[in-house]
Engineer: 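One structure, as C-alpha cells, below. Some questions next.
These numbers come from the heavy atoms of this one structure, side chains and all, not from hydrogens, waters or symmetry mates. Each ligand, and each atom within it, is numbered from 1 in the order the structure gives.
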Amino acid sequence: MPDDREAKDRQLDAYRIPLDDLKMTTDQGIRVEDTDNSLKAGVRGPTIMEDFHFREKLTRFDHERIPERVVHARGAGAYGYFQVYEPLPDLTSAAFLNDPAVKTPVFVRFSTVAGSRGSADTVRDVRGFATKFYTTQGNYDLVGNNMPVFFIQDGIKFPDFVHSVKPEPHNEIPQAQSAHDTLWDFVQMQPETLHMIMWLMSDRAIPRSYRMMQGFGVHTFRFVNASGQGTFVKFHWRPVLGTYSLVWDEVLRVQGNDPDFNRRDLWEAIERGVYPEYELCVQLVPESREHDFDFDLLDATKIIPEEQVPLRPIGKMTLNRNPQNFFAETEQVAFHTANVVPGIDFTNDPLLQARNFSYLDTQLLRLGGPNFPQIPINRPIAEVRNDQRDGFHQHMIHESRTSYALNSISGGCPAFGDGYQHYQEKVDGTKIRKRSPSFEDHYSQATLFWNSMADWEKKHIVAAYLFELGHVERKPIKEGVVKHLAKIHPDLAAQVAEGLGLPVPSGEPVHADTSPALSMTNQPQSVATRKIAILMGDGTDAVAVRALRLDLEGRGAICEVVAPHEGLVGDTTVDRQLSAANSVIYDAVVAADGAALASMGRAVFFVREAFKHQKAIGAVGSGTRLLEAAQLPNDVGVITGDDIADAFAGAVAGHRFYDRDISSVPA
Ligand code: HDD
C-alpha cells in the first residue's frame with residue numbers, strides 16, 4: 001500500500017541534529033575548549049581578536065533573526081497527513097485527490113494576522129490556516145483563513161488594509177488590536193470590508209482552539225480533470241470537534257494568564273495523542289452555472305451560502321506530530337498560493353492574482369534569496385530538476401554540464417513536457433483599471449450574516465462593535481461606521497449607535513434571508529479534550545472526586561487538580577496551585593471542596609469567573625458550599641448532586657450556557 005506519510009519524515013531525518021552527547025565544536029567542526037571565557041591577554045586583560053570561537057559565537061547570535069512575516073507573524077505549526085475519501089477523477093487530476101490509500105504528508109501553520117511574533121494568541125483577529133501538502137506531484141499550498149471572506153476585493157489594496165490594521169505609524173500603538181482609528185477609518189471609507197468586518201466582530205475572531213476552528217480557501221479556485229474540464233471549487237476545512245469560541249471578557253484575561261493559549265493547546269493535544277482532525281469539504285459549481293448567483297464568484301468578499309451549494313466532504317486531515325524546532329520548521333515554512341499541482345488551478349479573482357505575486361516576493365526577502373525551497377520544511381518530496389542555478393545559500397551540487405534548455409550536451413535533460421497544464425480559459429478584454437459592476441454590492445451578505453446569527457451571537461457582535469469603536473478617538477469615524485451598519489440592519493445600527501451616544505439612524509433591513517450554516521449553534525458536541533479544573537482542598541472527599549475524574553477522563557476530558565498548595569491533597573497529586581491557576585484557561589470547573597476553599601477569596605473568584613464566562617460548573621460533596629460562598633444562583637449548567645458525571649459531561653460538551661443570567665453575580 002503506498003504510504004507517502006513517512007516520505008517527508010525520512011527527508012527531514014537527513015537534516016536532524018540529534019540530542020546526544022557529542023562534544024561542542026565551532027561551525028567549522030573544531031572542538032571547543034571553553035565557551036564561558038573569551039580569550040584575553042591576561043585574566044584581567046583585553047579580549048583578543050584571534051578568538052575565533054568568540055567571534056563566531058557572537059556573530060551567529062547577532063544574525064539569528066530573520067524578518068518576521070509582515071502579516072501572520074505569530075503562528076504555530078504541526079505535521080500530519082491528508083487522506084482523500086474516494087477518487088475524484090471527474091473533478092480533478094490531482095493524484096493526492098485520487099488515491100484513498102495514500103496518506104499525503106502535510107504541514108499546517110495556524111496564525112494570527114495583525115500582531116507581531118511575540119503578541120498574545122487570543123486577540124480579536126482573523127486566524128490563518130495554511131496547509132502545505134507534500135504530494136508526489138509537488139507541493140500544493142492551501143493558504144486560507146478561519147473566515148470565508150476577505151476585507152478587500154483587489155490585492156492592490158492589501159498594503160492599505162494591512163497598514164490600517166497594524167499599529168499606528170507614529171507611536172506603534174496598539175499591538176495586535178483592531179480597536180483603533182486607522183482600521184475603522186479604512187472600514188468606513190471602504191465598504192467592501194463590511195461583510196468581513198461582521199465576521200471579525202463575531203466570536204469567530206476569538207477561537208477556543210485551533211483544533212476547533214474552521215478553515216476556508218476563501219477564493220473560488222478551479223478543479224481541472226484529466227480531460228481539461230474545469231469546475232469552480234471553494235475549499236472548507238471543518239474541525240471534527242466542532243467550531244467553538246471563547247468569550248470576550250475571558251479573552252482579555254487569557255492574554256495575561258497564558259499569552260500562548262492557542263499554540264499551547266495545539267501542542268499539548270498532539271503530545272497527548274489526541275490528534276486534531278479536519279474534514280476537507282468542497283463546494284462545487286459547474287462552469288455552466290458561473291453566472292447563476294446574485295454575487296460574483298470572483299469576488300472574495302462573498303460566500304456561496306451552503307444552502308445554495310452544499311458542502312461535499314472529500315477527505316480528512318489529521319495533525320499528529322509537533323515540530324522539533326520552531327525556527328527551522330514553523331518560522332521558515334514558506335507558503336505560496338501559486339504552489340498548485342496538476343488538477344488545481346486559479347480563477348481571475350483579482351485578490352488571488354495579487355497573492356500569486358506577493359507570497360513568492362515576500363519569501364525572497366524573508367528567507368534570504370531564491371533557494372528557500374531547499375530549506376527542509378519547504379522541500380517537496382517530489383524530485384526537483386531544472387536549470388535554475390546559484391543564488392545565495394545554494395545547497396545542491398548540480399553535476400550537469402549544462403544549465404540551459406534546449407541542450408544537446410546533456411542529452412536534452414532535464415526533459416520537459418507532460419507537466420502542469422494551465423487551464424485553457426478564454427480571455428479577452430480591454431485594459432482597464434476598474435472593478436466589475438458585479439462586485440458592487442457590499443451589504444447583502446453582511447445582512448445575511450447578521451440575520452443568521454442566534455441571539456447570543458448578535459449580542460456578542462454588538463458588544464464587539466462597541467468595544468472596538470469605543471477605542472476610536474475620532475467621532476466622524478464612528479458616525480461613518482454607524483451609517484454603514486444602518487444599511488446592513490437597523491437593529492445592529494441602533495444598538496451600536498445607542499452605545500456610542502450617536503443618533504440612531506433610520507433604515508430598512510436589506511433583506512430577511514438567512515443562512516443557518518453561518519451560525520455557530522448546532523456544533524458537534526464532545527467532552528473529549530475539554531480541560532476541566534477540579535478544585536480540591538485538604539478536606540476533600542477524595543473517593544467521590546476520583547470516581548468523577550475517572551469517568552470524565554474515560555470520556556476523553558483532561559482533568560487538572562487545582563488546590564491551595566502544590567504537592568498532595570490527601571493522596572491526590574496537585575497539578576496547579578490556586579495562585580498559579582485561573583478559570584479562564586479551563587473549559588469547566590468542578591468544586592470538590594467547600595470546607596477549606598469556601599473561605600478563600602481566590603477559590604471563590606475562580607468559580608464565580610467560570611460562571612460569568614458561562615461555563616459548566618459542577619459540585620461534589622462539600623463543593624456546593626464553595627458555590628454558595630460565591631453566591632452563584634442554581635442556574636443552567638450548574639450541576640450538583642450525588643452522581644453528576646453524565647449531566648456534567650453533557651454540560652461541558654455543550655461548551656457554554658449563553659443564555660445564563662450573569663447579572664446577579666457579584667464581581
Ligand atoms: Fe496573505 C501570509 C492568508 C490575502 C500577502 N496570508 C498569509 C498567511 C495566511 C494568509 C494564512 C500566513 C502563512 C503562513 O503561515 O506562513 N492572505 C490569506 C488569505 C487571504 C490573504 C486567506 C485572502 C483570501 N495575502 C493576501 C493578499 C496579499 C497577501 C491579498 C497580497 C496581495 N499574505 C501575504 C504575504 C504573507 C501572507 C505578505 C506574509 C508572510 C507570508 O506571506 O509568507 O505575502
Side-chain angles (χ1 to χ4, degrees), residues 66-79 106-117 121 125-132 139 141-166 190 192-193 195-196 199-200 204-205 207 210 213-221 234-237 262-263 266 297-303 319 323 326-339 346-368 372-373 375 377-378:
I66 61 171
E68 67 172 34
R69 291 164 175 84
V70 181
V71 282
H72 297 266
R74 173 145 183 104
Y79 291 94
V106 298
F107 185 79
V108 173
R109 184 172 178 274
F110 300 106
S111 48
T112 55
V113 177
S116 298
R117 254 191 75 181
D121 278 350
D125 199 356
V126 186
R127 297 299 185 284
F129 189 141
T131 309
K132 192 179 281 295
N139 286 353
D141 293 354
L142 181 55
V143 196
N145 279 341
N146 76 329
M147 297 178 193
V149 287
F150 201 63
F151 295 95
I152 46 168
Q153 296 172 319
D154 189 320
I156 197 169
K157 292 220 54 68
F158 191 66
D160 300 311
F161 161 66
V162 174
H163 289 167
S164 80
V165 71
K166 281 278 183 177
Q190 204 73 40
E192 70 199 70
T193 54
H195 183 200
M196 179 65 163
W199 285 82
L200 188 67
R204 302 279 184 149
Y210 291 140
M213 185 177 93
Q214 278 173 288
F216 300 91
V218 180
H219 311 281
T220 304
F221 291 90
K234 291 249 192 203
F235 293 106
H236 298 239
W237 288 116
N262 288 138
R263 54 159 75 164
L266 178 69
L297 288 180
L298 303 185
D299 175 358
T301 67
K302 304 295 185 296
I303 56 162
L319 300 181
F326 183 89
F327 180 84
E329 297 162 283
T330 310
E331 191 59 16
Q332 292 200 109
V333 66
F335 294 96
H336 185 13
T337 47
N339 290 348
F346 314 111
T347 58
N348 296 331
D349 173 344
L351 197 73
L352 176 57
Q353 299 280 325
R355 294 180 74 191
N356 285 345
F357 165 76
S358 188
Y359 287 74
L360 174 57
D361 190 40
T362 229
Q363 312 306 356
L364 290 171
L365 175 70
R366 209 169 64 78
L367 298 169
F372 69 85
I375 296 173
I377 189 69
N378 296 322

Engineer: Which residue holds the protein heavy atom closest to atom 41 (C) of ligand 1, what is that atom called, and what is the gap in Å?
Structural biologist: Thr362 CG2, 3.4 Å
Engineer: Measure the acute angle between the ring planes of Phe110 and Tyr210, then classify it against the limits of 30° and 60° as parallel, tilted or perpendicular.
Structural biologist: parallel
Engineer: Salt bridge check, Asp154 against Lys157: does any charged N sit closer than 4.0 Å to a carboxylate O?
Structural biologist: no
Engineer: Between Gln353, His219, Met196, Gln332, flag the one that comes closest to atom 24 (C) of ligand 1 by a heavy atom.
Structural biologist: His219
Engineer: What atoms of ligand 1 come closer than 4.0 angstrom to any heavy atom of Val218?
Structural biologist: 22 (C), 24 (C)
Engineer: Could you grab the protein N, O or S atoms closer than 2.8 Å to atom 1 (Fe) of ligand 1 for me?
Structural biologist: Tyr359 OH
Engineer: Provide, to 0.1 Å, the distance between atom 15 (O) of ligand 1 and the closest protein heavy atom, together with that atom's residue and name.
Structural biologist: Arg109 NH1, 2.6 Å
Engineer: Is a donor on one side and an acceptor on the other found under 3.5 Å between the side chain of Asn146 and the backbone of Met213?
Structural biologist: no
Engineer: Quick one: closest heavy-atom pair of Leu352 and Phe346, and the distance?
Structural biologist: CD2-CB, 4.0 Å
Engineer: Measure the distance from atom 13 (C) of ligand 1 to every protein heavy atom, then report the residue, atom name and distance (to 0.1 Å) of the closest one.
Structural biologist: Phe335 CD1, 3.8 Å
Engineer: Evaluate Ser111 for polar contact with ligand 1, using N/O atom pairs at a separation under 3.5 Å.
Structural biologist: no
Engineer: Could you check atom 11 (C) of ligand 1 against the protein and tell me its nearest heavy-atom contact, residue, atom and distance included?
Structural biologist: Gly144 O, 3.2 Å
Engineer: Looking at residues at least two apart in the chain, or sitting in another chain, which of them share a side-chain contact (heavy atoms from CB on, under 4.5 Å) with Asn339?
Structural biologist: Lys132, Asp141, His336
Engineer: Near Leu351, which atoms of ligand 1 are under 4.0 Å from a heavy atom of that residue?
Structural biologist: 23 (C), 24 (C), 30 (C)
Engineer: Among residues at least two apart in sequence or on other chains, which ones pass side-chain hydrogen bond (donor to acceptor under 3.5 Å, both in side chains) with Gln353?
Structural biologist: none
Engineer: Check contact between Gln363 and ligand 1, using heavy atoms of the residue and a distance below 4.0 angstrom.
Structural biologist: yes
Engineer: May I ask you to check whether over 12 heavy atoms, not counting those of Ile156, lie within 6.0 Å of atom CD1?
Structural biologist: no
Engineer: Please work out which of the three classes, parallel, tilted or perpendicular, describes the rings of Phe221 and His219, given edges at 30° and 60°.
Structural biologist: perpendicular
Engineer: Quick one: look up the protein heavy atom nearest atom 16 (O) of ligand 1 and list residue, atom name and how far away it is.
Structural biologist: Arg69 NE, 2.7 Å
Engineer: Of the non-hydrogen atoms in Leu367 and Asn378, which two are nearest, and what is the gap between them?
Structural biologist: CD1-ND2, 4.2 Å
Engineer: State, to 0.1 Å, how close Lys302 and Asp299 come at their nearest heavy-atom pair, and which atoms those are.
Structural biologist: NZ-OD2, 2.7 Å
Engineer: Restricting to side-chain hydrogen bond (donor to acceptor under 3.5 Å, both in side chains), what partner residues turn up for Thr131, sequence neighbours left out?
Structural biologist: none
